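The shown structure was predicted, so the numbers you read here are calculated from the model rather than taken from an experiment. Index from 1, following the sequence.
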Amino acid sequence: MKESATIHDIMTRVSVRQFTDAPVSDSDIETILRAGMAAPSAMNKQPWQFYVITNDALRRKLSENFSNAVYASSSPLLIVPCADLTKTIEGEGEAYWQQDLSAATENILLAAHALGLGAVWCGIYPISERVARIRPILDLPDTLIPFGIICIGHTESAPAPKDKWNPEALHFIR
């Protein structure tokens, strides 16, 4: 397989759950957010808002309130992608925001990895109890749906990448 830097980053990205306390630079944060916003979206609606959290108390509060995001307190940077319902497609296509936010989240994870940082995606949506619990913490309006919490930081330790190639999951129609 011919390997470019992009392919290498895709194949070697892992979920990192242990971070040093070193802050993420403002330029790296901007690069990561630009990568998120570079994601494709249905009809180019870009139905997203990103909450960028470096505040210690808020990171701790999110960690304490979400068992799937206990890493939030040790991660110097959190990004909470939210669907902006004022920017979604009307009618049956409204749910495309889920694909749009998934693409943006994956771009954020890959950008963090490409910058030498670690990251993990902690799901919020579609679990209604999690969505309801995070709303008051971030003071989210009803027009925003919190999609997840992305913990990002300098890696303290990371697992080895897994080879997930599975030919049995392929179905060629020629």
> Hey, what do you get for NE2 (His113) to NE2 (His8), rounding to the nearest 0.5 Å?
Replying inline: 5.5 Å
> Same cluster or not: are Ile10 and Val120 linked, directly or through other Ile, Leu, Val, Met, Phe, Trp or Tyr residues, by side-chain heavy atoms under 4.5 angstrom apart?
Replying inline: no
> Is there a donor-acceptor pair under 3.5 Å between the side chain of Ser63 and the backbone N or O of Val70?
Replying inline: yes
> Are Leu101 and Ile108 connected in a single hydrophobic cluster, I mean Ile/Leu/Val/Met/Phe/Trp/Tyr linked by side-chain heavy atoms less than 4.5 Å apart?
Replying inline: yes
>> For Asp26, I'd like to know if atom CG has over 12 heavy atoms of other residues, nucleotides or ligands within 6.0 Å.
In response: no
> What is the distance from atom CG of Asp21 to atom OG of Ser75, rounded to the nearest 0.5 Å?
Replying inline: 11.5 Å
> Side chain of Asp84, backbone of Trp48: donor and acceptor closer than 3.5 Å?
Replying inline: no
> Is the count of non-hydrogen atoms from other residues, nucleotides or ligands lying under 6.0 Å from Glu129 atom CD greater than 12?
Replying inline: yes
> If every non-hydrogen atom of Tyr125 is compared with every non-hydrogen atom of Pro146, which pair is closest and at what distance?
Replying inline: CB-O, 3.4 Å
> Is it true that Phe50 and Ile137 fall in one hydrophobic cluster, defined by side-chain heavy atoms closer than 4.5 Å?
Replying inline: yes
> Could you go step by step and tell me if Cys82 and Leu140 meet the side chain to side chain contact (heavy atoms under 4.5 Å, CB included) rule?
Replying inline: CA-CA 9 Å; Cys82 296; Leu140 297 177; 4.2 Å; yes
> Side chains of Gln46 and Asn44: donor-acceptor distance under 3.5 Å anywhere?
Replying inline: yes
>> Taking atom NZ as the centre, does Lys87 end up with more than 12 heavy-atom neighbours from other residues, nucleotides or ligands that are less than 6.0 angstrom away?
In response: yes
> Okay, side chain of Arg130, backbone of Gly123: is any donor-acceptor separation there less than 3.5 Å?
Replying inline: yes
> Side-chain heavy atoms under 4.5 angstrom apart, residues restricted to Ile, Leu, Val, Met, Phe, Trp, Tyr: same cluster for Phe19 and Leu115?
Replying inline: no
> How long is the gap from OG on Ser73 to NZ on Lys61, to the nearest 0.5 Å?
Replying inline: 14.5 Å
> With a 4.5 Å limit on heavy-atom distance, are the side chains of Leu85 and Leu144 in contact?
Replying inline: no
>> So which atom in Pro47 and which in Thr88 form the shortest heavy-atom distance, rounded to 0.1 Å?
In response: CB-CG2, 4.0 Å
>> Can you tell me how far apart CD (Gln18) and CD (Glu156) are? Round to the nearest 0.5 Å.
In response: 5.5 Å
> Of the non-hydrogen atoms in Pro81 and Gly148, which two are nearest, and what is the gap between them?
Replying inline: CD-O, 3.4 Å
> Would Leu109 and Ile152 count as a side chain to side chain contact (heavy atoms under 4.5 Å, CB included) if you check the C-alpha gap in whole Å, the side-chain angles of each, and the deciding distance to 0.1 Å?
Replying inline: CA-CA 8 Å; Leu109 295 170; Ile152 302 172; over 6 Å; no
> Is there a side-chain contact between Trp121 and Ile79, using heavy atoms and a 4.5 Å cut-off?
Replying inline: no
>> Show the nearest heavy-atom pair for residues Val14 and Pro159, with the distance to one decimal.
In response: CG2-O, 3.6 Å
> Are Ile53 and Val80 close enough that some pair of their side-chain heavy atoms sits under 4.5 Å apart?
Replying inline: yes
> Quick check: does any side chain N or O of Thr155 sit under 3.5 Å from a backbone N or O of Ala158, one acting as donor and the other as acceptor?
Replying inline: no
>> Which heavy atom of Ala38 sits nearest to which heavy atom of Asn107, and what is that distance?
In response: C-ND2, 3.8 Å
> Do Asp100 and Ser102 come close enough that some side-chain heavy atom pair is under 4.5 Å?
Replying inline: no
>> Rounded to the nearest 0.5 Å, what separates atom CE in Met11 from atom OG1 in Thr6?
In response: 12.0 Å
> Would you say Leu58 and Leu138 make side-chain contact, with heavy atoms under 4.5 Å?
Replying inline: yes
> Between CE of Met37 and CD of Glu30, what distance do you get to the nearest 0.5 Å?
Replying inline: 9.5 Å
> Is there side-chain contact between Ser27 and Ile29, with heavy atoms separated by less than 4.5 Å?
Replying inline: no
>> Applying side chain to side chain contact (heavy atoms under 4.5 Å, CB included) to Phe66 and Ile124, what does each step give before you reach the verdict?
In response: CA-CA 9 Å; Phe66 296 94; Ile124 296 295; 3.8 Å; yes
>> Parallel, tilted or perpendicular: which one describes the rings of Phe147 and Trp97, with boundaries at 30° and 60°?
In response: perpendicular
>> Restricting to non-hydrogen atoms, name the atom on Pro136 and the atom on Ala132 that form the minimum distance, rounded to 0.1 Å.
In response: CD-O, 3.1 Å
> Tell me, do Thr54 and Pro23 make a side-chain contact under 4.5 Å, heavy atoms counted?
Replying inline: no
>> Could you walk me through whether Lys45 and Ile89 satisfy the side chain to side chain contact (heavy atoms under 4.5 Å, CB included) test, starting with their C-alpha distance in whole Å, then the side-chain angles of each, then the deciding distance to 0.1 Å, before giving a yes or no?
In response: CA-CA 7 Å; Lys45 289 285 193 173; Ile89 296 172; 4.0 Å; yes
> When hydrophobic residues are tied together by side-chain contacts of less than 4.5 Å, even through go-betweens, does Ile150 share a cluster with Leu117?
Replying inline: yes
> How would you list, by chain and number, every residue that makes a ring-ring contact (aromatic ring centres under 6.0 Å, His included) with Tyr51, sequence neighbours excluded?
Replying inline: none
